[in-house]
Structures are given as C-alpha cells and as structure tokens.
Amino acid sequence: MALKDFEKDMMRDSRCSYCKVIPHVMMTDTRFIDVCPSVARFNFHGFSAGGRMVAGLSLLRNRIEYTDGFLDMIFQCQMDGACDVSCKIDRDLEPLQVMQELRIKCIEDGQLIAGHMPVLEGLRKEDNMLQRKKADRGKWADGLDIKELAGGKAEVLFHAGCRYSFDEELWPTVKTGINILKEAGVDAAIMGKDEACCGGRAYEMGYEAELIKYADHNIQAWKTAGVKTIVTPCSCCYQTFKVLYDKIGKKPEIEIYHFTEYLDKLIKEGTLKLKKKVPIKVTYHDPCHLGRLSEPWIHWSGKEIKVAGQMIVHDPAKKYRRGAEGVYDIPRDILKAIPGLNLVEMYRIREYAWCCGSGGGVKEAYPEFALWTAAERLKEAKDVGADALVSACGWCKRNFTDAVKETGKKIEVYDIVDLVQEAL
Ligand code: SF4
C-alpha cells in the first residue's frame with residue numbers, strides 16, 4: 001500500500017474531530033475523555049488524525065512542502081490507534097493507515113527524525129532498538145536453567161524482545177516468566193544472543209524495509225529451529241508477529257501467544273495455581289499493542305461502488321478493524337484469579353484506552369512528550385483509587401516507571417507477571 005491508495009479516505013475526512021476523544025457513550029468523567037495524546041498535548045488540529053489526513057492529502061497534491069514543523073506534527077504521535085477506533089464509530093475511514101503511510105513516505109523522501117537516527121543505526125548494526133551490543137542480548141537469562149538455541153531445536157520459544165532483553169530493571173519479569181514455564185513443565189527455549197528485533201517499532205517510525213527484513217529473518221530462524229509456538233511478554237513483539245507480519249503478507253505458520261494468554265491457559269487448566277494472597281488495589285492499563293492494535297489483520301480486495309450518487313458500498317463487503325477484538329479479558333481474568341487482589345477500572349479502557357506514551361518512536365525522539373502522556377495515565381489511575389498500575393508490556397512499564405520518578409506520584413507500577421509471581 002502507499003499514501004496514494006488512501007486518497008479517498010483523506011478526501012472523505014469530515015473534520016468532525018471524533019478522533020480526539022473517546023466515543024460519547026463511553027464518557028463518564030469529563031476530565032478523562034481525551035483519547036489522542038498528541039492533540040491533547042499540543043492543542044492544534046494538525047496534531048490529530050484528522051489534521052494528518054489533511055496534511056497527507058496536501059502533501060500528495062504538492063500543495064505543501066516539508067518543514068520541521070510539519071515533521072513534528074507527523075511524528076509527535078504514538079501511533080496508538082485510539083483515533084482510528086473513535087473515527088470508525090461514525091465513519092469507515094482508515095486514519096491510522098494514512099498516518100503509517102505518511103511516515104513511510106517521509107522516510108522515503110529523506111525526511112528523517114534526528115532522535116530516531118541513533119536508534120536506527122543501532123538496529124542495523126546490533127539488531128535491537130536499545131543501542132546495545134547484540135552479544136549481550138541473552139544476559140538476562142544468565143543463571144537460569146533454560147535451553148538456549150544455538151542451531152538446536154525447540155517447539156516452544158520464549159521471545160523476550162529488545163526492551164526486556166536489555167532493560168536490567170525489567171529482568172525479574174522475564175526471569176519469572178521462564179521459571180513459571182519450567183514449573184508448569186513446558187519445554188521452552190530462548191534464542192539468547194541470536195534473538196533479533198521484531199521490526200515493529202522501526203515500522204511505526206516509518207521504516208518499512210526493517211519490518212520486512214526482520215519478518216524474513218525471524219520466520220526463517222523459527223522454521224530452522226522447528227518452533228511451533230512463540231510466547232512473548234512484549235506486547236509490541238506480539239502485535240508485530242501476529243498482525244504486522246500478516247499485513248505485509250508474511251504470516252508465520254505457528255501459534256503466537258502473548259505471555260498473558262499462555263499464563264491464562266496454564267491457570268485455567270490448573271497447571272499453575274495462584275495460592276498466596278496479594279492484598280493490593282490495582283488498575284489495569286491496556287497496552288495498545290495487546291489491545292486494539294492486536295486485532296487480527298483483515299485482508300480485503302474488491303471494488304468500491306457508489307449507490308444513488310453518494311452512498312459507498314464494497315463488493316465483496318469490507319470488514320473493518322475496530323479494535324474490539326484485542327486481548328482485553330485475559331489479563332483481567334488473571335488479575336481476578338489472584339487471591340486478595342482488588343481490581344478497579346479506569347475511565348478509558350479496552351479499545352478506548354489512553355496510551356502509555358512510549359510507542360511510535362515518541363519515547364526515542366520526544367521523551368518529554370512520552371513522559372507527559374504516561375503522567376496523564378497515572379493521574380487517572382490515582383483518581384480511581386488504585387495503589388498500583390499494572391500493565392503487560394515492558395515498554396509500558398518502563399515509561400510509567402520513568403513518569404513515576406519524574407512526577408513523584410505515589411503509585412506502584414507492575415507487570416502482570418510480577419503479581420502472578422507473588423501469588424504462587
Ligand atoms: S480522522 Fe475521522 S474522526 Fe478524525 S476528523 Fe477525520 S473523519 Fe473525523
């Protein structure tokens with residue numbers, strides 16, 4: 001696809017601004033109705049999905065030129081997809097795909113974001129997004145009795161992802177993950193230093209070639225190792241393997257689980273027993289990549305027909321991704337299964353959740369905006385009386401933890417795996 005393929009979507013943009021807020025029926029507190037961090041922070045229409053639809057059309061028709069301000073407007077966005085869900089309440093348009101293609105076009109036209117460059121250079125040299133040495137990738141598993149693939153075979157592969165592999169503060173979560181799998185008798189392995197990035201975060205920054213490269217590399221590596229099941233605690237990797245590889249026509253022929261899905265399976269079949277009380281009041285933050293963005297990709301080809309001069313129908317009928325098919329109940333079921341734990345919900349949840357702030361290359365290029373976005377979520381968590389904010393993604397936990405340090409807010413931040421560990 002290319003930006004040109006969405007010209008009709010951009011033309012049909014009605015400037016209605018639905019993409020800036022959660023749907024009216026979901027609004028229960030006027031302080032928490034914004035859904036787009038970008039327009040909420042910069043307070044200018046250009047920083048919304050609707051504004052970027054206008055910008056994309058103008059660029060396509062050579063009505064505007066690239067400027068630093070234009071690029072800020074396109075890239076100061078987490079690509080979290082909340083705008084897309086809100087837009088589709090009323091109209092069948094694809095603002096998120098427009099924003100993705102707009103970024104790809106910027107990169108193709110040589111319009112690079114300074115804050116992304118060291119990350120991309122690191123990725124090309126060391127196969128990870130954290131500018132760390134590839135040789136150190138498996139260090140998090142030192143001392144664990146876990147099979148490391150080195151040309152060997154394994155049916156279940158635990159893919160830690162770049163964030164968990166190199167962020168030492170998150171190592172307890174992945175170590176716990178491995179111990180849980182072992183305790184449950186799962187014969188899992190890791191790739192260690194041979195594990196590579198999924199390519200998803202680079203794609204969100206506009207680098208499509210990196211997504212294709214890592215899809216080819218990873219799928220071949222899994223095939224060679226005889227992998228039948230991938231389990232990952234990283235929501236970004238999960239969405240990339242499950243959705244983005246399919247989107248680019250490279251759907252892997254294996255089962256892909258987010259770690260919460262695997263945990264839920266083990267708990268529900270009785271293999272994993274949560275016995276100890278964890279008396280804490282928590283609220284759950286839906287990671288965008290585990291929630292609305294993990295909805296399976298829908299391929300469609302056909303034609304558009306205009307009826308009575310204005311109504312648009314598709315032949316065959318077109319099904320849209322509206323975010324409702326993401327992973328929402330499973331993490332909540334796990335939390336509810338922990339004895340003594342009290343789960344309270346925030347105002348913006350499931351497909352209408354506010355982003356943690358770290359996606360779309362924002363954490364890398366616009367760290368102040370990333371922290372502001374996370375701090376907004378912390379306010380919401382405090383407002384519902386939670387003592388802790390729980391998520392299921394290393395990128396969320398890193399950004400929330402940084403925001404707690406920055407703001408001094410009195411709230412704990414957990415990965416759901418950490419709480420499961422406490423309950424074992
Ligand atoms: S992107 Fe969708 S919701 Fe936003 S202004 Fe355009 S039509 Fe309205």
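Indexing begins at 1, ligand by ligand and atom by atom, following the structure's order. Only a predicted model underlies this, so the values are computations on that prediction, with no experimental measurement involved.
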Atoms of ligand 1 close to Cys19 [distance to a heavy atom under 4.0 angstrom, numbered from 1]: 1 (S), 3 (S), 4 (Fe), 5 (S)
On the 0 to 90° scale, with breaks at 30° and 60°, tag the Phe241-His159 ring pair as parallel, tilted or perpendicular. perpendicular
For Tyr66 and Asp109, test the side chains for any donor-to-acceptor distance below 3.5 angstrom and give the result as yes or no. yes
Cation over ring face, Lys242 and Tyr238, 6.0 Å, 45°: no
Between Lys133 and Glu126, does at least one N-O distance fall below 4.0 Å, as a salt bridge requires? yes
Applying a heavy-atom cut-off of 4.0 Å, say which part of Ser86 lies close to ligand 1: side chain, backbone, both or neither. neither
Identify, for atom 6 (Fe) of ligand 1, the protein heavy atom at the shortest distance, and state residue, atom and that distance. Asp13 OD2, 2.0 Å
Name the closest protein heavy atom to atom 2 (Fe) of ligand 1, giving the residue it belongs to and the distance to 0.1 Å. Cys87 SG, 2.4 Å
The atoms of ligand 1 lying under 4.0 Å from a heavy atom of Gly50, numbered in the order shown, are 1 (S), 4 (Fe), 5 (S), 6 (Fe)
A student checking ligand 1 against Ser14 at a 4.0 Å heavy-atom cut-off should list atoms 7 (S), 8 (Fe)
Assess, by modelled atom type and distance only, whether the side chains of Arg132 and Ser165 contain a donor and an acceptor separated by less than 3.5 Å. no
Atom indices of ligand 1, in the order listed, that fall short of 4.0 Å to a heavy atom of Leu93: 7 (S)
Any chance OH of Tyr18 has more than 12 other-residue heavy atoms, nucleotides or ligands included, within less than 6.0 Å? no
Indicate, as side chain, backbone, both or neither, the part of Arg15 found under 4.0 angstrom from ligand 1 when only non-hydrogen atoms are considered. backbone
Verdict with supporting geometry, Lys247 and Tyr203, side-chain hydrogen bond (donor to acceptor under 3.5 Å, both in side chains): CA-CA 12 Å; Lys247 179 183 180 186; Tyr203 178 67; 2.8 Å; yes
Near Arg91, which atoms of ligand 1 are under 4.0 Å from a heavy atom of that residue? 7 (S)
Atom 8 (Fe) of ligand 1 to nearest N/O/S of Cys16 below 2.8 Å: yes
